**Q** 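First the structure, which I've put down as C-alpha cells, then a few questions once you've had a look.
Lettering follows sequence order; numbering is per chain, from 1. Here the structure is a predicted model, which means the values were calculated and not measured.
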Protein chains: 2
Amino acid sequence: MSRARKGFSLNESKSKQEIYEVAEKLFSKKGYHGTTIREIAQARGILSGSLYSHISSKEDLLFQIVDDGAEAFLGALEPIVRSSEDAKSKLRQGLAAHIGVVTTQMDAAKVFLHEWTALSEFRREIIQDKRDRYENLWAELISEGISEGVLRDQDPKYLRILILSIGNWVYEWYKTTGDLNPEQLADRFMDIILNGAAFK
Amino acid sequence: MSRARKGFSLNESKSKQEIYEVAEKLFSKKGYHGTTIREIAQARGILSGSLYSHISSKEDLLFQIVDDGAEAFLGALEPIVRSSEDAKSKLRQGLAAHIGVVTTQMDAAKVFLHEWTALSEFRREIIQDKRDRYENLWAELISEGISEGVLRDQDPKYLRILILSIGNWVYEWYKTTGDLNPEQLADRFMDIILNGAAFK
DNA sequence: CCTACCGATCGGTAGG
DNA sequence: CCTACCGATCGGTAGG
C-alpha cells in the first residue's frame with residue numbers, strides 16, 4: 001500500500017501522493033482514457049507540464065494505482081489464508097477483507113478492477129500475475145472448506161467465481177452512508193452463500 | 001433488440017448494423033474513450049469521414065448500443081416475471097435469461113454494463129430509468145419468493161444485489177468454449193444461492 | 001464512400 | 001512549478 005517506497009524526501013512523496021489521489025478519483029470516475037493529464041493537473045492546482053517532475057508518464061500513474069490496488073487485496077487476504085482458524089471463519093473473514101478493501105478504497109479498487117486492461121502488455125502481465133495469485137488464495141480457502149467437510153464437495157471453480165463476483169461488484173453500488181459496514185455485509189452475504197436463501 | 005427500427009432501406013440498415021457490430025466489439029474491448037472513430041471506420045474498411053453518413057456522432061453510436069443492451073435484458077426478463085409459474089422456477093429462469101443475454105451478446109452486455117456512464121446527462125438518464133426498471137423486476141421476483149414462502153424473509157435488497165452481482169460479472173470471465181452453457185450456469189449458481197454451499 | 005481538411009485537444013518536453 | 005511549445009491525433013464537416 002505504501003507509496004513512499006523509493007526513498008523520496010517527505011515533500012516529494014507528499015506531492016506525488018496528492019497526484020495519485022487525484023488521479024485515482026478521476027480514473028475511477030471517468031476511466032483512464034476518459035481522463036486527461038490536464039484534468040489531473042488542474043485538480044491539483046498546477047499546469048499539465050508540471051506533473052512531469054513527479055510522474056514519468058500517464059500510464060506510469062495508472063500502473064502505480066492498479067498495482068497498489070492489487071497489493072491491497074493481496075495484503076488483506078494473505079494473513080487470513082495463512083492463519084490457523086477453521087475454514088468457515090476464514091471464508092467469512094476473507095470476504096470481509098475483500099469488501100473492506102473495496103469500500104474503504106473505492107476509487108483504487110475500481111481502477112484496479114476495471115482500468116488495468118488499459119495497461120500496455122508488459123505491465124498488464126505483472127498485474128495479471130497478481131490477479132492469479134489472489135484467485136489462487138481463494139481457491140485455497142475453498143479447498144480447505146471442502147476438505148474440512150464444511151463445504152459441499154462440488155466443482156470449486158463456480159463457488160470461487162460466485163464469491164468474487166459478489167465482492168467485486170460492491171464498488172458499483174456501495175454507498176458509505178446508509179449501507180451496512182464491510183463486516184456486516186460480509187456476514188449477510190456469507191450467510192446466504194453458505195446456508196442459502198431458501199426457506200427450510 | 002432490432003436496430004432496423006426507423007424504416008431505413010435494407011442496404012442502409014445493413015451498413016448501419018455492421019458499424020454497430022464493429023463499434024460494440026471495440027467499445028467492449030478498449031472502452032468508449034479508448035476507441036477512436038478512425039478505428040471503427042478502419043474495421044469496416046472505410047475512412048472516418050464516411051461513417052457520418054450512417055451515424056450522427058460517436059456518442060450516438062454508444063447510446064444505441066447501450067440502449068439495445070438495456071432492451072435485451074428487459075425483453076428477456078419481462079415475460080418471465082409476467083408468467084404464472086412458481087417463484088422458485090421464475091428465479092431460476094430469470095438468472096438463466098440474464099446469463100443468456102450476457103453470454104450470447106457479450107460485447108453489447110459489457111458496453112451496457114460499463115460504458116453507459118460515458119453518456120451525456122440526458123441520455124444517461126434514459127438508461128438509468130431502464131436499469132431501475134430491470135432492478136425492480138428482480139425485486140418483484142424476490143418478493144414473490146418471500147410471499148410464497150420459498151425464500152427466507154430477510155431484507156430482499158442484499159439478495160437482489162447478490163444475484164445481480166453474480167449475473168453481471170459473467171462477462172468478465174465467461175469463455176464460450178469450456179464453460180457451462182447459460183442454463184447450466186444458472187442452475188449451478190441458483191443451487192448455491194437457494195440451498196447454500198455448506199455441507200449439511 | 002472519398003478527398004481534403006477544420007479547430008481543438010491530446011500526452012509530453014525544453015528551458016528556465 | 002511556469003512559459004511556451006511540439007507533433008500527433010481527436011471528432012467531425014464540406015463538397016463532391
Side-chain angles (χ1 to χ4, degrees), chain A residues 8-66 111 115-124, chain B residues 8-66 111 115-124:
Chain A
F8 297 112
S9 82
L10 258 179
N11 280 342
E12 269 176 359
S13 77
K14 194 197 165 214
S15 251
K16 258 191 111 142
Q17 189 160 346
E18 282 176 16
I19 292 171
Y20 285 117
E21 280 164 19
V22 154
E24 239 166 56
K25 233 170 260 176
L26 287 167
F27 288 169
S28 158
K29 195 181 170 197
K30 315 173 51 141
Y32 174 69
H33 291 296
T35 302
T36 69
I37 220 73
R38 280 165 179 80
E39 289 174 305
I40 296 170
Q42 196 183 25
R44 275 258 28 238
I46 57 178
L47 291 179
S48 68
S50 310
L51 277 181
Y52 288 86
S53 51
H54 298 103
I55 66 169
S56 57
S57 70
K58 190 188 176 192
E59 200 206 312
D60 194 69
L61 204 44
L62 175 63
F63 176 72
Q64 308 237 31
I65 292 168
V66 168
V111 175
E115 300 297 323
W116 72 288
T117 48
L119 290 168
S120 59
E121 203 191 335
F122 175 68
R123 292 168 139 177
R124 203 171 53 238
Chain B
F8 296 111
S9 81
L10 259 181
N11 280 342
E12 268 176 1
S13 77
K14 194 198 164 212
S15 252
K16 258 193 112 143
Q17 191 161 344
E18 282 176 17
I19 293 171
Y20 284 118
E21 280 164 18
V22 154
E24 239 167 56
K25 233 171 258 175
L26 288 166
F27 288 169
S28 159
K29 195 181 169 197
K30 317 173 49 143
Y32 175 70
H33 290 296
T35 303
T36 69
I37 220 73
R38 280 164 180 79
E39 289 174 305
I40 296 169
Q42 196 184 26
R44 274 256 29 237
I46 57 179
L47 291 179
S48 67
S50 310
L51 277 180
Y52 288 87
S53 51
H54 298 104
I55 67 169
S56 57
S57 70
K58 189 188 176 191
E59 201 206 311
D60 194 69
L61 205 44
L62 175 63
F63 177 72
Q64 307 239 31
I65 292 168
V66 168
V111 174
E115 300 297 324
W116 72 288
T117 48
L119 290 168
S120 59
E121 203 190 335
F122 175 67
R123 292 169 139 179
R124 203 172 53 237

**Q** How long is the straight-line distance from CD of B/Gln64 back to NZ of B/Lys16, given to the nearest 0.5 Å?
**A** 5.5 Å
**Q** Write out the stems for DNA chain C, ordered by first number and formatted as range with range, counting runs of at least 3 consecutive Watson-Crick or G-U wobble pairs under 3.5 Å.
**A**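 Listed by first number, the stems are C:1-16 with D:1-16.
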**Q** To the nearest 0.5 Å, what is the distance between NE2 on A/His33 and CZ on A/Phe27?
**A**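 CZ of A/Phe27 is found 10.0 Å from NE2 of A/His33.
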**Q** Hey, are the side chains of A/Leu119 and A/Tyr32 touching, using non-hydrogen atoms and a 4.5 Å cut-off?
**A** no
**Q** Quick one: label A/Ser53 by what it contacts on the DNA or RNA (base, sugar-phosphate, nothing), any heavy atom closer than 4.0 Å.
**A**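 The answer is base, as A/Ser53 lies within the cut-off (heavy atoms under 4.0 Å) of a base atom.
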**Q** Quick one: list whatever passes side chain to side chain donor-acceptor pair (under 3.5 Å) with B/Ser120, sequence neighbours left out.
**A**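 For B/Ser120, the residues satisfying side chain to side chain donor-acceptor pair (under 3.5 Å) (neighbours in sequence not counted) are B/Glu59.
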**Q** Are B/Leu51 and B/Leu61 side-chain neighbours, meaning at least one heavy-atom pair lies under 4.5 Å?
**A** no
**Q** Hey, which sits more toward the 5' end of DNA chain D by its nearest nucleotide, A/Ile46 or A/Arg38?
**A** A/Ile46
**Q** Can you tell if the side chain of B/Asp60 reaches within under 4.5 Å of the side chain of B/Arg123, non-hydrogen atoms only?
**A**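 Yes, their side chains come closer than 4.5 Å.
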**Q** Regarding B/Leu47, tell me which of base, sugar-phosphate or nothing describes its non-hydrogen contacts under 4.0 Å with the strands shown.
**A**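 Base, at least one base heavy atom under 4.0 Å.
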**Q** Between B/Glu21 and B/Gln17, is any pair of side-chain heavy atoms under 4.5 Å apart?
**A**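 The answer is yes, as the side chains (C-beta and beyond) meet within the 4.5 Å cut-off.
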**Q** Taking the nucleotide of DNA chain C with the nearest heavy atom to each, does B/Ile19 or B/Ser48 sit closer to the 5' end?
**A** B/Ile19
**Q** What range of DNA chain D does chain A touch, first nucleotide to last, counting atoms under 4.0 Å from its heavy atoms?
**A** D/dC1 to D/dT3
**Q** Around atom CD of B/Gln42, are there more than 12 heavy atoms of other residues, nucleotides or ligands at under 6.0 Å?
**A**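 It does not: B/Gln42 CD has 12 such atoms or fewer within range.
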